[in-house]
Amino acid sequence: MASNVSGMTFRQADLMQSESVPVNICDSLSCLHALEHFGLGRYGDPIDPEGHIKGLTSLTKLLKPGGTLLLSVPIGFERVEFNGHRVFSVETILSLTKSDYDLISFSYIDDNDDFHNRTKIVEVPEMTYACGLFELKKY
């Protein structure tokens, strides 16, 4: 598929198949409310309990060193809600990204729909179903 935007190239890849993902091609990536669905079979993808980890590995592979990943996922009490989506603890996302990324900022929308911009991780209260936004820089 071609893009009409100057300097923009469209590429399609299956992020669950890391070996087919190009290496170091993006300066920045946004993965907004997608990672939590990987490997749950809801959208025709194969069921894979590590789908979110494989997807994150592929995103990291795509991103150039020094590049930025904006990652948004549901946060709260960690669980899988049937085959719909995962809800991650903040600690899990930090653990999954610590070997490849520096955390630049963390923002979230809490259970009351209040936005908390660039907060400290230690200030995050317990939540049931909130939205976390992680700004990460690849090593």
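- With values rounded to the nearest 0.5 angstrom, L29 atom CG is found 11.0 Å from L136 atom CG.
- Closest approach of F77 and V87 over heavy atoms only: O-CG1, 3.7 Å.
- The same ILVMFWY cluster, assembled from side-chain heavy atoms under 4.5 Å apart, contains both L103 and L71.
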Task: Test log, rule side-chain contact (heavy atoms from CB on, under 4.5 Å), inputs I75 and Y108 - done: CA-CA 9 Å; I75 57 171; Y108 67 97; 4.0 Å; yes
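- When the side chains of ILVMFWY residues are joined at heavy-atom separations under 4.5 Å, either directly or via intervening members, I53 and L35 end up in a single hydrophobic cluster.
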- [ ] Tell me, with the steps shown, if V124 and E91 meet side-chain contact (heavy atoms from CB on, under 4.5 Å).
- [x] CA-CA 11 Å; V124 177; E91 293 78 17; over 6 Å; no
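- Side chain of D110 to main chain of N112: a donor-acceptor pair is present (N/O by atom type, distance under 3.5 Å, no hydrogens or angles).
- Here L62 contributes atom CG and K138 contributes atom NZ; the two are 8.5 Å apart, rounded to the nearest 0.5 Å.
- Shortest non-hydrogen contact noted between I104 and R118 is O-NH1, 4.5 Å.
- Applying the side chain to side chain contact (heavy atoms under 4.5 Å, CB included) rule to D27 yields the partners K64; only residues at least two apart in sequence or on another chain are considered.
- Judged as a side chain to side chain donor-acceptor pair (under 3.5 Å), and not counting sequence neighbours, the contacts of Y139 are D102.
- Smallest separation of non-hydrogen atoms from H37 and D45: O-OD2, 3.8 Å.
- Residues R86 and P74 come closest through the heavy atom pair O-CG, 3.6 Å.
- In terms of hydrophobic clustering, with Ile, Leu, Val, Met, Phe, Trp and Tyr side chains grouped at heavy-atom distances under 4.5 Å, F106 and Y101 are assigned to a common cluster.
- With sequence neighbours left out, the side chain to side chain contact (heavy atoms under 4.5 Å, CB included) criterion links S58 to L15, S18, V21.
- When hydrophobic clusters are built by joining Ile, Leu, Val, Met, Phe, Trp and Tyr residues whose side-chain heavy atoms come closer than 4.5 Å, directly or via intermediates, M127 is grouped together with I121.
- By the side chain to side chain contact (heavy atoms under 4.5 Å, CB included) test, E19 pairs with Q17, sequence neighbours left out.
- The two residues L56 and T97 come nearest to each other via the heavy atoms CD2-CG2, 3.9 Å.
- The distance from atom CG of L63 to atom OG of S28, rounded to the nearest 0.5 Å, is 7.5 Å.
- The structure places SG of C131 at 11.5 Å from NE2 of H116, a figure rounded to the nearest 0.5 Å.
- Listed by first and then second residue, the ring pair (Phe, Tyr, Trp, His ring centres under 6.0 Å) pairs that reach into residues 46-66 are H52-F88, sequence neighbours excluded.
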- [ ] Check the pair Y129, H85 against side-chain contact (heavy atoms from CB on, under 4.5 Å), reporting the backbone distance first and the verdict last.
- [x] CA-CA 11 Å; Y129 189 78; H85 60 270; 3.4 Å; yes
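- Between atom CD of residue E36 and atom SG of residue C31 there is a gap of 7.5 Å, rounded to the nearest 0.5 Å.
- With values rounded to the nearest 0.5 angstrom, L69 atom CG is found 10.5 Å from F134 atom CZ.
- The side chain to side chain contact (heavy atoms under 4.5 Å, CB included) check on D100 picks up T60, with sequence neighbours excluded.
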- [ ] Report the C-alpha distance between T128 and R79 in whole Å, list the side-chain angles of each, state the deciding distance to 0.1 Å, and finish with yes or no for side-chain contact (heavy atoms from CB on, under 4.5 Å).
- [x] CA-CA 10 Å; T128 302; R79 63 198 181 274; 4.0 Å; yes
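- Taking a 6.0 Å sphere around NZ of K61, one finds it holds more than 12 heavy atoms contributed by other residues, nucleotides or ligands.
- For the pair M16 and K54, the tightest heavy-atom approach, listed with the atom from each and the gap, is O-CD, 4.1 Å.
- The local environment of CD in E81 is crowded, with over 12 non-hydrogen atoms from other residues, nucleotides or ligands closer than 6.0 Å.
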